[in-house]
Number of protein chains: 2
Amino acid sequence: MEHRKIQTMEDFASVSGISRPTVSKYFNDPESVRSTTRERIEHALKRYEYTPNIFAVNQNRRLTKNIGVIVPYLADPFFAEMARMIERRCIDAGYWPILFSSHGQRQMEINALETLRSLKPAGALMAPLGRTSDLEEIRKFADDVPTVAFDSNQEIGEAFVGSDNFQSIGLIVDYLCRTGEPPCFFEMPPVNPNAIKRRKAYIEAMERLGHTPEIIHVGGHSWEFELMGLEEGKRLISERKLPSNTVLCSNDRIAIGLLAAAYDQGLRVGRGPGCAMRIAGHDDHPWSRYTCPPLTTVSQDYSAIVERSVEKLFEIMNSGCKAESREETLFEGKLVLRLSA
Amino acid sequence: MEHRKIQTMEDFASVSGISRPTVSKYFNDPESVRSTTRERIEHALKRYEYTPNIFAVNQNRRLTKNIGVIVPYLADPFFAEMARMIERRCIDAGYWPILFSSHGQRQMEINALETLRSLKPAGALMAPLGRTSDLEEIRKFADDVPTVAFDSNQEIGEAFVGSDNFQSIGLIVDYLCRTGEPPCFFEMPPVNPNAIKRRKAYIEAMERLGHTPEIIHVGGHSWEFELMGLEEGKRLISERKLPSNTVLCSNDRIAIGLLAAAYDQGLRVGRGPGCAMRIAGHDDHPWSRYTCPPLTTVSQDYSAIVERSVEKLFEIMNSGCKAESREETLFEGKLVLRLSA
DNA sequence: ACTCGAAGTTTACGCGCGTCAAAAAATAAT
DNA sequence: ATTATTTTTTGACGCGCGTAAACTTCGAGT
């Protein structure tokens, strides 16, 4: 056991008794060398500490093993969780995920793209900011780098994987109408296509059931959804301007704010007797089970979305050519019944 | 406006009429070339698109401009927020932050260190996992790379920046004792030194005030604090085993779980009449203001911690030598009075 | 033992840039 | 105008590895 640190592949090749090009081949694909050779290398790898210089490797490869992961807002545990799962899968597949957060800001998203591009990534998984995204920039990026969009369907990249908002919103509208007063819809700011689709889905579902849709608009393009839910909620409740005592929020984070508003205003939330209002969300956010009362919502199938996105990206990367058409995969949501509605 | 894409510094040098070594100098430090030269380069930079190949640059520099940022658990918005602020500051200082999350797992932390090391970083900012960290590995890393620890003081790196748990816990224990029944302490799992210091601080503060400390132990080393607060809370409340109707939680995430438990058990939380229990937390977590009732807690001075950490790291990086002693900077917390206690 | 394809070795070049020494040019000071 | 100083240019080397060509060895199968 020497465990001497070896710096260059040249040196490592000589101590392991193999030629450098073969060692190089091994590191690019261990299966590409004969099994006896592989064993000798791996044996040497145990005795000496050596990892190829990542910069030298990437300089000479036309394409690296880097995979960019760009999410719009990492402080949202929904994206943090997605990012975690994506990282895991990429690593397992022998790739090197690099995580960027746009932090809700257009310029940060552009920066992330630029930085990423200079990393010559083999592919990218991107949940765009949405409305504030610089679509031109993203498209230019996606022209050069195989890109799969997820979460927010922004007509970007060669594929999209996300949730079927029409199905999921339909599901919960049905439920709410069946069990009480038809819901009004507390809209999230129209930051991305999800926001818009969910509103449309709500309207469709209500009309299908013969009810009049009622929408609470919120402006701006901030990502502080809880704050909006809280402030706008307090105002609506105190001014008695809520169109219905059942409120469907276009995402859980708004619902969390609205729950706080209801508490602040002394309204009891839930579906039991003695409750003044019902609140439902959408996404099954990691914290929705810890609200008071626990939030009734529709789950997004996180792991399915992640799995399919990564899978699809690998397909595209391996096919080596642009797909003829943009494939969109939508997963269905499931009703998560808790106590708030 | 040609905006032709230029690939190599050689090419860029020739179109801008400057020699390559001078251009190289410019990119390493724009101030190091004469102002007239600088202008000519920057003028060319506007006409042609060129960025130095990051891999070639880093291969030849002994030290890169990379700065590693390692947090234990990115799905915790506390760390997400810290990471965001750190990234911002590093970028502004001309560095390149690379974010890693250990996702609560020892092996992931080790991997992050290894990956980071291969990136030849100029420095690292690290919030260690704590108890489950492989301290030996981290120390070996910190021997080679200037490292500042934050959040959790693990005797790692050349400096530490964090919160003064004794001050902050003292503050809220004082407040709770002054305004009602002395608190028991709902401990977080002893995942890191903060957990241990907060417990000790609680005991000291209680004894100083002449009260008997009562501690609720929770085992394990999971990072799902909310779940612990919820499950253990439900058990304690239903079995009437809470030592006090005032509970100080060692962090806000546990408090969030406990609030849910209290709701589940039909206990009204708050400091007003008609309330069955008081709950307080620690950290002023981004969501603590949205709980029902809003959580009374002690804030950590996020931005001060970030600012000082980064500042200190730059100091160490620039000094170029190991510091003789490990500097620890602690910031004081502030009482954040809301409605839960 | 012989053939032949697969795998390994040798040799050599190139990637794009940092960096150094020496020479040339530009600027500042006398 | 001359000297001293700073800055740039020229030319060259090296970083660590990918990769190609030509050659050699290996191992399974008639």
Side-chain angles (χ1 to χ4, degrees), chain A residues 4-45 48-66 94 96 115 117-122, chain B residues 4-45 48-66 94 96 115 117-122:
Chain A
R4 241 185 58 218
K5 262 221 170 157
I6 301 238
Q7 290 299 339
T8 78
M9 192 178 279
E10 196 78 54
D11 295 346
F12 178 75
S14 64
V15 298
S16 61
I18 309 278
S19 74
R20 193 181 67 73
T22 305
V23 172
S24 170
K25 242 185 127 191
Y26 168 84
F27 278 106
N28 281 312
D29 177 13
E31 300 296 318
S32 69
V33 302
R34 202 186 300 145
S35 62
T36 58
T37 313
R38 187 163 54 242
E39 275 161 28
R40 286 170 66 196
I41 293 180
E42 280 164 2
H43 180 249
L45 225 36
Y48 301 91
E49 222 171 306
Y50 167 72
T51 46
N53 179 309
I54 187 86
F55 299 108
V57 169
N58 283 333
Q59 173 172 22
N60 297 312
R61 257 208 283 257
R62 266 205 21 260
L63 231 51
T64 67
K65 286 282 193 175
N66 298 335
W96 184 333
T115 300
R117 189 197 293 275
S118 70
L119 254 30
K120 294 195 257 177
Chain B
R4 239 185 60 216
K5 262 223 170 156
I6 301 236
Q7 290 298 339
T8 78
M9 191 179 278
E10 196 77 54
D11 295 347
F12 178 75
S14 65
V15 298
S16 59
I18 309 278
S19 75
R20 193 181 66 74
T22 305
V23 171
S24 171
K25 243 187 126 191
Y26 167 84
F27 277 106
N28 281 312
D29 177 12
E31 300 297 317
S32 70
V33 302
R34 201 189 298 143
S35 62
T36 58
T37 312
R38 185 163 56 241
E39 276 161 27
R40 285 171 67 196
I41 293 180
E42 279 162 2
H43 180 250
L45 226 34
Y48 301 92
E49 222 171 306
Y50 168 72
T51 46
N53 179 309
I54 188 86
F55 299 108
V57 169
N58 283 333
Q59 174 172 23
N60 297 314
R61 256 208 284 258
R62 267 207 17 263
L63 232 52
T64 68
K65 287 282 194 176
N66 298 334
W96 184 334
T115 300
R117 188 198 293 273
S118 70
L119 255 28
K120 293 194 258 177

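Below, read A as the first sequence line, B as the second, and so on, with proteins coming before strands; counting in each chain starts at 1.
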For this session: Look up atom OG1 in B:T51 and atom CD in B:Q7, then write down how far apart they are to the nearest 0.5 Å.
Result: 8.5 Å
Problem set entry | Validation row: B:D11, B:Y50 side chains within 4.5 angstrom (heavy atoms) | no
Exercise. Side chains of B:L119 and B:T64: does their closest heavy-atom pair fall under 4.5 Å?
Worked result: no
Exercise. Just to confirm, is there a sub-4.0 Å distance from OP1 or OP2 of D:dT8 to any side-chain nitrogen or oxygen of B:T22?
Worked result: no
Problem set entry | 4.5 Å side-chain heavy-atom contact, A:F12 and A:L45 | yes
Exercise. Is there side-chain contact between A:N66 and A:N58, with at least one heavy-atom pair below 4.5 Å?
Worked result: yes
For this session: Enter the distance from B:S19:OG to B:E10:CD here, rounded to the nearest 0.5 Å.
Result: 9.5 Å
Problem set entry | Whole-Å distance separating the NZ atom of A:K65 from the C1' atom of D:dG18 | 14 Å
Exercise. Between D:dT10 atom P and B:I18 atom CD1, what is the distance in whole Å?
Worked result: 11 Å
For this session: Specify the separation, in whole Å, of atom CZ of B:F55 and atom C1' of D:dG18.
Result: 14 Å
Problem set entry | B:R40 CZ - C:dA25 C1' separation (whole Å) | 12 Å
For this session: Calculate the interatomic distance between B:E31 atom CD and D:dT6 atom C1'; express it in whole Å.
Result: 16 Å
Seminar exercise, completed: B/S/- along nucleotides 12-19 of chain C (protein heavy atoms under 4.0 Å) is B-BBBBBB
